[in-house]
Amino acid sequence: DTEVTQTPKHLVMGMTNKKSLKCEQHMGHRAMYWYKQKAKKPPELMFVYSYEKLSINESVPSRFSPECPNSSLLNLHLHALQPEDSALYLCASSQALSGIDTQYFGPGTRLTVL
Amino acid sequence: RKEVEQDPGPFNVPEGATVAFNCTYSNSASQSFFWYRQDCRKEPKLLMSVYSSGNEDGRFTAQLNRASQYISLLIRDSKLSDSATYLCVVPNQAGTALIFGKGTTLSVSS
């Protein structure tokens, strides 16, 4: 079962709001990822967690705060976002810790910041 | 050379055509490569992994040329359902993460 789930599917928030995106996988994968994808652009890596520890932060602004409560769950906490942060946020997971392995993506959360 | 670069699209082909996409990469030490397919407003889905010289799955063939540092994706007998964006995914220059190409859009028409 290669399934990664994400909630919510859609999110509209104001610039002063605080919200969280959630991701879950039950494949026993040891690495989890957050990507941001703007329209007609490829996914851009934001964060990588390996064994619940943050291993890569691609210089993401602090208004995005990742959290990995356990090996199956990954959250992305959002605060004081800007309209240009509107995008599709994709979660992925992979078996290997190296970051160079097949990644399985969730359906994404489409975020609109007003 | 850029970390990853793909053929610009779009490719517009009739049903039944054979179409090929190329992708170049800069990290000469790379061992793993991937082709993902992404439909409009959907998540990327793995199409093929390439770990050695190539891989074949039905109508799809991926080939790796290490000397010239490129991978290719060949689609034979194109179907309407093949219309999508095809993303080339390779290790970054540091070898620490995967990086996505900009994608090649394929449109198959009847």
Side-chain angles (χ1 to χ4, degrees), chain A residues 1-7 9-10 21 23-25 27 29 31-50 53-60 86-112, chain B residues 2-10 21 23-52 55 57 62 64 71 73 84-107:
Chain A
D1 181 16
T2 55
E3 187 178 65
V4 178
T5 59
Q6 290 187 244
T7 56
K9 283 187 168 46
H10 300 274
L21 309 185
C23 174
E24 190 167 7
Q25 59 90 8
M27 295 177 279
H29 287 175
M32 296 185 76
Y33 310 79
W34 280 115
Y35 287 86
K36 173 182 176 179
Q37 186 174 24
K38 302 280 276 185
K40 300 190 186 301
K41 300 286 187 184
E44 292 182 359
L45 183 64
M46 299 175 72
F47 303 105
V48 180
Y49 272 83
S50 301
K53 286 186 168 39
L54 183 65
S55 57
I56 294 179
N57 175 342
E58 292 285 355
S59 303
V60 179
S86 298
L88 179 67
Y89 287 85
L90 293 160
C91 174
S93 70
S94 69
Q95 176 64 27
L97 295 172
S98 68
I100 312 299
D101 189 23
T102 303
Q103 294 182 17
Y104 298 93
F105 285 83
T109 294
R110 195 162 296 279
L111 174 68
T112 302
Chain B
K2 291 184 180 178
E3 285 183 298
V4 60
E5 200 157 13
Q6 286 189 244
D7 278 348
F21 310 137
C23 170
T24 58
Y25 62 92
S26 65
N27 184 347
S28 59
S30 299
Q31 298 292 318
S32 306
F33 308 87
F34 308 89
W35 284 102
Y36 279 75
R37 170 199 169 124
Q38 187 170 27
D39 293 288
C40 188
R41 300 181 71 81
K42 298 284 190 180
E43 75 273 25
K45 290 188 187 293
L46 179 69
L47 182 64
M48 301 187 79
S49 308
V50 187
Y51 297 107
S52 56
N55 194 2
D57 183 6
L64 169 62
I71 59 174
L73 179 67
T85 296
Y86 291 83
L87 298 161
C88 171
V89 185
V90 305
N92 62 6
Q93 192 60 40
T96 55
L98 293 176
I99 186 167
F100 284 72
K102 292 185 178 180
T104 300
T105 300
L106 172 66
S107 178

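Chain letters run A, B, ... following the sequence lines, proteins first and then strands; every chain starts at 1. Computed from heavy atoms alone, side chains included, the values below leave out hydrogens, waters and symmetry copies.
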Cut-off 4.5 Å, heavy atoms of chain B, and the answer for A:Tyr33 is neither
Okay, A:Ile100 and chain B: the region with an atom under 4.5 Å from a heavy atom over there is both
When the 4.5 angstrom heavy-atom criterion is applied to B:Gln38 and chain A, the contacting part is side chain
Note to self: Treating B:Asp7 as the side-chain partner and B:Phe21 as the backbone partner, does any N or O pair qualify as donor plus acceptor under 3.5 Å?
What the structure shows: no
Assert top hit (heavy-atom pairs under 4.5 Å, partner chain A, pool B:Ser32, B:Pro44, B:Ser30, B:Gly103) equals B:Pro44
Residues 89-100 of chain B, side-chain donor-acceptor partners within the protein, below 3.5 Å, at least two apart:
unit_1, atom_1, unit_2, atom_2, d
B:Asn92, OD1, B:Ala94, N, 3.4
B:Asn92, OD1, B:Gly95, N, 2.8
B:Asn92, OD1, B:Thr96, N, 2.8
B:Asn92, OD1, B:Ala97, N, 3.4
B:Asn92, ND2, B:Thr96, OG1, 3.1
B:Gln93, OE1, B:Ser26, OG, 2.6

For B:Phe34 and B:Tyr51, take the angle between the two ring planes, folded into 0 to 90°, and tell me which bin it lands in: parallel under 30, tilted 30 to 60, perpendicular over 60. perpendicular
Under 4.5 Å to a heavy atom of chain A? For B:Phe33 that would be neither
When A:Thr5, A:Val4, A:Leu21, A:Thr109 are each screened for side chain to side chain contact (heavy atoms under 4.5 Å, CB included) with A:Cys91, the one that passes is A:Val4
Across all chains, not counting sequence neighbours, the salt bridge (charged side-chain N to carboxylate O under 4.0 Å, His left out) partners of B:Lys42 are none
Max heavy-atom pairs within cutoff under 4.5 Å with chain B, candidates A:Gln37, A:Glu44, A:Glu58, goes to A:Gln37
